[in-house]
Amino acid sequence: MIGATRWRFRSVGSTQDVTFALAAKGANHGTVVRADYQTAGRGRLGRSWQAPIGTALTFSTLLRPTFATHELGPLSIRIAAVLADAFTALGANDVSIKWPNDVLIGGRKTSGILVQTRTMPELVVVVGIGINLSDSPEGATNLQQAIDSPVSADHVLDVICSGLDPMWTNWQPELNVDEVRAIEDRLWLRGEQVTLLDADREITGTIAGISPDGGLRLLTDGTERLLHVGEITRGPRLIIPGK
Ligand code: BTN
């Protein structure tokens with residue numbers, strides 16, 4: 001059961017590292033590691049993730065798959081869908097999913113997800129989730145602001161764990177038609193022109209939707225491309241003279 005075992009620390013480097021360390025010592029599937037503050041919180045694409053103490057819900061969850069890595073394709077987007085449903089249930093409006101796994105409220109980032117895997121020697125997955133509760137960096141938002149009332153981190157964590165658990169128990173390696181539709185209904189900038197950036201390319205196109213394996217379907221010059229890594233920005237590529 002996800003969240004049946006919960007650790008809470010006042011301050012750690014990153015809950016990801018603590019969770020991998022507990023996994024190495026045999027911690028159970030579903031163990032949740034929460035920290036009030038992280039001195040070295042990590043984000044996607046090598047970025048850092050920081051929040052002032054007591055203003056965010058930051059935790060990692062240990063998953064021990066009984067299936068192969070390639071069956072985990074839709075994990076990030078499914079977790080984003082669980083968070084989006086949780087925020088809606090907590091009273092937020094205009095909740096969207098920015099592919100691959102940010103959750104936005106009113107078009108502003110509220111939450112980020114970091115999925116990391118290791119072979120120890122069995123496959124271990126650590127899902128890190130950071131949610132702005134009562135403060136947020138410039139350009140982002142937080143749950144309290146969105147629902148206009150104080151939120152309890154314990155309650156938010158309970159709601160999320162009760163969404164993650166059935167997601168995992170009923171795991172299928174591909175999204176079904178209903179899941180695809182539900183995610184596409186919430187997909188940020190669907191039908192709009194975006195630029196997808198990854199380490200070595202920039203692709204401009206129109207978001208058509210997502211694929212059953214959680215990839216992004218992008219229409220470029222009349223051709224649909226399926227993409228699995230990268231970061232979306234709104235609009236066409238900016239060409240900066242001299243760069
Ligand atoms: C992102 O938006 O790039 C992902 C952010 C993930 C942050 C969470 S906070 C809890 C867990 N521990 C970390 O070091 N990172 C994740």
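Order of appearance sets the numbers: ligands from 1, and atoms from 1 within every ligand.
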Inset, instruction - Could you tell me whether ligand 1 has any atom less than 4.0 Å away from a heavy atom of Gln16? - result: yes
Numbering as shown, the atoms of ligand 1 that approach [X] to under 4.0 Å (heavy-atom distance):
X: Ile113; result: 4 (C)
X: Ser14; result: 12 (N), 13 (C), 14 (O)
X: Thr15; result: 10 (C), 11 (C), 12 (N)
X: Gly41; result: 14 (O)
X: Gly43; result: 1 (C), 3 (O), 4 (C), 5 (C)

Inset, instruction - Looking only at distances, please establish whether an N/O atom of ligand 1 is found under 3.5 Å from an N/O atom of Thr58. - result: no
Any idea which protein heavy atom is nearest [atom], and the distance to it?
atom: atom 5 (C) of ligand 1; value: Trp49 CD1, 3.2 Å
atom: atom 2 (O) of ligand 1; value: Lys109 NZ, 2.5 Å
atom: atom 6 (C) of ligand 1; value: Arg42 O, 3.5 Å

Legend entry - Arg201, Lys98, Lys109 screened by salt bridge (Lys or Arg N to Asp or Glu O under 4.0 Å) with Glu231, the one that passes: Lys98
Legend entry - Salt bridge present between Arg186 and Asp85 (N-O < 4.0 angstrom): yes
Legend entry - Note: Arg34-Asp154 ion pair, threshold 4.0 Å (strictly below): yes
Inset, instruction - Have a look at Arg44, Gln116, Gln38 and point out the one with the heavy atom closest to atom 3 (O) of ligand 1. - result: Arg44
Legend entry - Ring centre gap for Trp168 and Phe67 strictly below 6.0 Å: yes
Do any side-chain atoms of residues 119-131 form donor-acceptor pairs under 3.5 angstrom with protein atoms, and if so which ones, sequence neighbours left out?
from	atom 1	to	atom 2	distance (Å)
Glu122	OE2	Arg64	NH1	3.1

Inset, instruction - Look at atom NE2 of His155 and say whether more than 12 heavy atoms of other residues, nucleotides or ligands are closer to it than 6.0 Å. - result: no
Inset, instruction - Count the heavy atoms of every other residue, nucleotide or ligand shown that sit under 6.0 Å from CG of Asp221, and state whether that count exceeds 12. - result: no
Inset, instruction - Would you check if there is a donor-acceptor pair between the side chains of Thr206 and Gln193 at a distance under 3.5 Å? - result: no
